[in-house]
2 protein chains.
Amino acid sequence: MPESHATASPQRRTRQRAAVHAIMSDLDEFRTAQQIHDVLRGNGDRIGLTTVYRTLQSMADAGEVDALRTGDGEMAYRRCSTGHHHHLVCRVCGRTVEVTGPAVERWATRVAEENGFREVSHDLEIFGTCAEH
Amino acid sequence: MPESHATASPQRRTRQRAAVHAIMSDLDEFRTAQQIHDVLRGNGDRIGLTTVYRTLQSMADAGEVDALRTGDGEMAYRRCSTGHHHHLVCRVCGRTVEVTGPAVERWATRVAEENGFREVSHDLEIFGTCAEH
DNA sequence: CTGTATGCAAACATTTTGCATAAGC
DNA sequence: GCTTATGCAAAATGTTTGCATACAG
């Protein structure tokens, strides 16, 4: 029996999709769809904001990028880095430092399981004023 | 010297504000401004959505309620319990459990200071699927 | 009375959707 | 050529703001 129902999206290879993938491989920090669109436009790429939204969304669904919602309620995306970590953010200049804390991970998982929760994940952001401010 | 510059808002006592305060004292779970507005309207209270937003915001600023942003990007509010704590949220039904973790607090502060950050605060939300789902 | 709070409507910002066109396969 | 991807414009969503009016103090 030939495979009949197209399981996932065949995902056609387009210039725009390639551009978004390229940007996301380069960037280390979380960026909103709009920021990525601006960068692409700045690079001379012709691409619509809608397409950026749609592409990032499908990349997130496919697990190719991490997605989070900023304090302002905007979605931000970043290529999946190896390993789980959190962000230390300067509330004056926005500088970001990646930090890891195995103890925190374990604590979060344990406390969740003690409360009967499964498939546990967590979000942690630390805010402060960095040395230059 | 008499206090000259009105420090915080004098906060006038109105029927609407009382209604929001009353609801918030009753509710144990996070609710969005719109949900609270619906409940108030359902109760027969005449109150504008704008006022609900403004009141909840000022209550959050005053530390009288906790605010968080849902996965949908909506602000949700719930009365503050005493002490600093975090939330364990069921991603299916929204049920919330308050959890505390002194070790996490200390870790966050230490790691921030090691990186030269001062006036440190943090935000932590744990997500999972609760026992009933 | 004076000035804050309210509430409608309109503005806003972000994200999503309808639909005609362009393009991958 | 058939079908998916694109992109504009418009809709949808959640929240905020301008401003005239109501009302607390």
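Letters go in sequence order (proteins before strands), and every chain restarts at 1. Note that these values count all heavy atoms, side chains included, but never hydrogens, waters or copies made by symmetry.
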[X] [atom1] to [N] [atom2]: how many Å, rounded?
| X | N | atom1 | atom2 | result |
| --- | --- | --- | --- | --- |
| B/Q57 | C/dA5 | CD | P | 14 Å |
| B/R46 | C/dC8 | CZ | C1' | 14 Å |
| A/R15 | D/dG7 | CZ | P | 6 Å |
| A/R17 | C/dA22 | CZ | C1' | 14 Å |
| A/I47 | D/dA5 | CD1 | C1' | 11 Å |
| A/Y77 | C/dT15 | OH | P | 7 Å |
| B/L49 | D/dT13 | CG | P | 14 Å |
| A/M59 | D/dA5 | CE | P | 15 Å |

Is any side-chain N or O of [X] closer than 4.0 Å to OP1 or OP2 of [N]?
| X | N | value |
| --- | --- | --- |
| B/T14 | C/dA5 | no |
| A/Q11 | C/dG24 | no |
| B/Q16 | D/dA22 | no |
| A/Q34 | C/dA13 | no |
| B/Y53 | D/dT16 | no |

*Checking only heavy atoms, does the side chain of B/R54 share a donor-acceptor pair with the base of D/dT16 at less than 3.5 Å?*
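No, no donor-acceptor pair under 3.5 Å.
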
*Hey, are the side chains of B/V111 and B/F117 touching, using non-hydrogen atoms and a 4.5 Å cut-off?*
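A side-chain contact is absent here, since even the closest heavy-atom pair is not under 4.5 Å.
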
*Is there side-chain contact between A/L40 and A/D38, with at least one heavy-atom pair below 4.5 Å?*
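Not touching, per the 4.5 Å side-chain cut-off.
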
*Decide, yes or no, whether a salt bridge links B/R31 with B/E74 under the criterion of side-chain N to carboxylate O below 4.0 Å.*
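No.
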
*So does A/R79 pair up with A/D26, basic N to acidic O under 4.0 Å?*
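Between A/D26 and A/R79 there is no salt bridge, as every charged N stays at least 4.0 Å from the carboxylate O atoms.
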
*Tell me which nucleotide among D/dT4, D/dG25, C/dG7 gets nearest to the side chain of B/R12.*
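The nucleotide sitting nearest to the side chain is D/dG25.
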
*Kindly say whether the aromatic ring centers of A/H86 and B/H122 come within a distance under 6.0 Å.*
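When the ring centroids of A/H86 and B/H122 are compared, they turn out to be at least 6.0 Å apart.
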
*Hey, which sits more toward the 5' end of DNA chain D by its nearest nucleotide, B/R69 or A/R41?*
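Nearest-nucleotide comparison on DNA chain D picks A/R41.
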
*Using a 4.0 Å heavy-atom cut-off across all strands, classify B/T50 as base, sugar-phosphate, or nothing.*
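Since a base atom lies under 4.0 Å of B/T50, the category is base.
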
